[in-house]
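When reading the values below, keep in mind they use all heavy atoms of this one structure, side chains included, and skip hydrogens, waters and symmetry mates.
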Amino acid sequence: MSSQTVSTSQTSHPLILDTVMRSYQVALKCDSSVQREEINQRIRTLEERQYHLLPQDVVKKAIEIYRANPKERFFVRQVGKAVGKNPNIAESAYHWLQIAVKGKVDKEQKVQNILNFLQKNPQQQVEWIIFGRSPYTESSLGKRWKLKRRYIINLLTSSRMQLDSYSRKKKRNHYFSNNLVFNGALPSYTQQEVLQGIDDALTYQTNTFAQLSSLSKNQQAFLNKLRLLKQEQQIVIPFVTSWINSYQKSRWKSLKKLAKELATIIGNPNRNLFSAVRQIVVFTLFDQIIQSVPQLLQGLSVAKLVPLPFKRKKQGRLSIKLLMKKEYVITREGNASELTRQVKKQGTTTLGFPLKGKKKLSAQVLFPPKVLEYIRNGAELKVFQVSSGRAPSFRPSLDVVLEGSHASFRSSTLLRSYLPYIPRGRKKVLGVDINRLGQHMVIFNTPVPLPPDLLKLAKRYQKLTDKVLKELDKGFFNKRKVYDIRGSCKLKGELNRVYQRRSRLLREITRRLPHFLAAVMVKKQCQTLKIEELTADPTGTKGALAKAIYNMPDKLYIYKKAVWLASLELSYDVELEAVPPYHTSTRHYGCGGTIARAKGHHDVAPCKKCGQQVNSHENAALNIASLKGTPLPYDLFPSTHVRGQP
């Protein structure tokens, strides 16, 4: 197919022929349901055997081998020699062990970076000791590491809990005498000391901001909150003193609740005072806690804060990695090259599941048309990954890892199917407004309707979210309320299946969306695609806003892949630029006025200046297209399937 063969003359990127590995799910076809359940049971047995090869002494030995030589090419063989066990299934088990050990070492480096950062920032250090979190640390390290904030939050909280566990064992007397137990009782404080904490927090923040030439909107708002709490100190001090002197099951959640109560009592229930109240607590406790923290962290081994992998019992959770060898616990019809040729010719292959004393069972591997297309374009089979299924279907799961050039994984079939839905007309610069799933999920600065398949998927997703899940949640709550164990288990299983169905719908939308965006760029002969800086974070939000953020197609790789596909189809490089996300929806593109978006009416709202009813999404797309953007680096093949460079 000519549209799927790409020469280096089509783009100016010299690395277009580099290889990449990608994984896809394929189907395992059995002769009957009885055979499928028997094969599934044999896979389950292999998974349990695999897990028993990973006791803690083997894990520790593997860590020693990895630390001695992180680039060891024959890691699996070295571990087998060191522990004296090397059965066939060890090839898969030690492959997972290598991944887990690499993850532990990487996590240790990140925890060390966290501790170094906290030592340079005493205020954040005390905040971490008290709450197990520090928003400033989360945002700073998230930008430095280019990771999602949720990962940083989990890393901070888990490190704090591990520090608590380690210190209780090694420094028991010193640790408990200073009231540093995570979410335990804090030292007792008087109202006068809390008043001093309010004064210290306000003075420190005022002096810090005085050194800046100008304050941002958020900085000014934070300073105003501290001044408000100082003004209402007669109300604030008793509540904060009571909170410090009381046991809290979760300090973070309980302080959030306290901040909300204070806002209501002060007379402004919509005001979010959590950050300011948290600052006051930190400054109140600062002097006493900061004296003990250096002793607590002195001589601390970072390895103790990161637990060993495979410490918890999760038998049967690791799938079987089938490297391309004929002699193995699950048989194949050849090595990688032979299987690739067979699949190219026949479109299928067979896996065998032997068991000592019983008949060998075979199942046919069926490849989706997309995967077959990639293999015929030059991609090669590298690894099969088999895992057992659960009730009620007991359907085994099978993934295949392919290796090939970037051009091998390109298909324009879906892109070209969208072209008839897109109106004609050139547009050099396209602006895209990103919204929650639905008919407005992506809006351009020129009229472009969503194709029927994306609309249908979005409606099904919305139905599951708004109707089905709510009804099941209500039924599950009622069953638990009357202690109906059987009914609760049944509804819990149904809830899990609906969540999985919804997840598959979201994954399918994410797969199709780049092809639609690329089709729009191709039809409009676009040269630049502009998007908002994708920094949407649901942390700290609630209700409809949090749901909207979770449902936004805001993954950057969607737009990078769309640009990549469009560039190959147009034979020139389409630029991807990010613009600041501020006020794109509220500033009227026509007159410059402010659009009054009321609660529950976010799609169409009037302009305060000219009175015109404005579609806020189309208006945002026009603003995005008109703003100056920052070029984003080109990505050769952005995809969720990418496994890494060989």
Side-chain angles (χ1 to χ4, degrees), residues 217 418-419 421-451 454-455 458 513-536 545 548-549 551-556 558-563 565-567 570 573-632:
K217 186 177 178 181
Y418 289 134
L419 290 177
Y421 299 103
I422 302 167
R424 293 181 178 274
R426 294 188 177 185
K427 200 76 173 178
K428 288 186 178 181
V429 178
L430 284 175
V432 182
D433 180 45
I434 305 159
N435 303 289
R436 64 189 182 278
L437 291 184
Q439 60 179 341
H440 302 296
M441 67 172 121
V442 282
I443 298 294
F444 295 90
N445 58 324
T446 183
V448 177
L450 277 178
L454 282 174
L455 279 173
L513 198 54
H515 296 269
F516 169 64
L517 294 172
V520 176
M521 286 184 271
V522 170
K523 194 70 172 280
K524 300 294 182 181
Q525 296 185 14
C526 169
Q527 296 179 3
T528 304
L529 180 69
K530 292 186 178 183
I531 61 174
E532 291 178 306
E533 292 178 0
L534 301 176
T535 55
L545 178 58
I549 293 174
N551 294 341
M552 285 179 181
D554 61 350
K555 296 181 176 64
L556 185 58
I558 292 176
Y559 306 96
K560 283 194 171 185
K561 182 174 181 179
V563 167
L565 290 168
S567 298
L570 291 167
D573 297 341
V574 178
E575 297 294 332
L576 179 63
E577 296 183 0
V579 304
Y582 308 112
H583 312 300
T584 54
S585 298
T586 56
R587 183 175 61 84
H588 189 192
Y589 178 76
C591 69
T594 302
I595 299 174
R597 300 175 72 184
K599 185 177 180 180
H601 297 82
H602 299 292
D603 298 332
V604 179
C607 174
K608 291 183 178 180
K609 186 175 180 180
C610 65
Q612 180 184 350
Q613 290 289 328
V614 182
N615 185 311
S616 60
H617 307 302
E618 295 174 0
N619 178 78
L622 290 168
N623 282 327
I624 292 168
S626 65
L627 294 173
K628 184 179 180 180
T630 303
L632 296 176

Participant: Please check if the side chain of Thr586 supplies one atom and the backbone of Thr594 the other of a donor-acceptor pair under 3.5 Å.
Facilitator: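 Not a single qualifying donor-acceptor pair exists.
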Participant: What heavy-atom pair brings Leu430 and Cys526 nearest, and what distance separates the two atoms?
Facilitator: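 Answer, listing the atom of Leu430 first, then Cys526: CD1-CB, 3.8 Å.
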Participant: Got a second to check how far Asn445's CG is from His617's NE2, nearest 0.5 Å?
Facilitator: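 Interatomic distance, Asn445 CG to His617 NE2, rounded to 0.5 Å: 15.5 Å.
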Participant: State the CD1-OG distance between Ile595 and Ser616, to the nearest 0.5 angstrom.
Facilitator: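 Answer rounded to 0.5 Å: 6.5 Å.
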Participant: Can you check whether Phe516 reaches Leu450 side chain to side chain, under 4.5 Å on heavy atoms?
Facilitator: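 Yes, side chains in contact.
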Participant: Using only atom types and a distance under 3.5 Å, with no angle test, would you say the side chain of Lys530 pairs donor to acceptor with the backbone of Leu627?
Facilitator: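 Yes, because the side chain of Lys530 sits within donor-acceptor range (under 3.5 Å) of the backbone of Leu627.
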Participant: Under 3.5 Å, side chain of Asn619 to main-chain N/O of Arg587, donor-acceptor pair present?
Facilitator: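 Present.
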Participant: Heavy atoms only: give me the nearest Pro423-Pro447 pair and the separation to one decimal.
Facilitator: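 Closest heavy-atom pair between Pro423 and Pro447: CG-O, 3.6 Å.
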Participant: Give the minimum heavy-atom separation between Ala566 and Val522, together with the two atoms involved.
Facilitator: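 Minimum heavy-atom contact is CA-CG2, 4.1 Å.
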Participant: Roughly how far, to the nearest 0.5 Å, is CD of Gln527 from CE of Met521?
Facilitator: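 Reported to 0.5 Å precision, the distance equals 13.0 Å.
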Participant: Using side-chain heavy atoms (C-beta onward) and a distance below 4.5 Å, is Ile624 in contact with Val432?
Facilitator: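 No; the side chains remain at least 4.5 Å from each other.
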Participant: What's the spacing between Met441 CE and Leu513 CG if we round to 0.5 Å?
Facilitator: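 The CG atom of Leu513 is 6.5 Å from CE of Met441, to the nearest 0.5 Å.
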Participant: Would you give the length of the straight line joining atom CG of Asn623 to atom CD of Glu532, rounded to the nearest 0.5 angstrom?
Facilitator: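 Here the rounded value is 9.5 Å.
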Participant: Return the minimal non-hydrogen interatomic distance between Lys524 and Val448, and the atom names on each side.
Facilitator: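 That closest heavy-atom pairing would be CE-CG2, 4.3 Å.
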Participant: Please name the pair of heavy atoms, one in His588 and one in Cys607, separated by the smallest distance, quoted to 0.1 Å.
Facilitator: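 So the minimum-distance heavy-atom pair works out to ND1-SG, 3.5 Å.
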Participant: So do the side chains of Arg424 and Lys523 get within less than 4.5 Å of each other, counting heavy atoms only?
Facilitator: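 Arg424 vs Lys523: side chains touch.
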Participant: Is any side-chain heavy atom of Ile434 closer than 4.5 Å to a side-chain heavy atom of Tyr559?
Facilitator: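 Sidechains of Tyr559 and Ile434: in contact.
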Participant: Give me the atom names and distance for the closest heavy-atom approach of Val579 to Lys628.
Facilitator: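 Taking every non-hydrogen atom into account, CG1-O, 3.9 Å.
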Participant: For Ile558, run the side-chain contact (heavy atoms from CB on, under 4.5 Å) check against Val442, Ile531, Leu517 and tell me which one passes.
Facilitator: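 Option passing the side-chain contact (heavy atoms from CB on, under 4.5 Å) with Ile558: Leu517.
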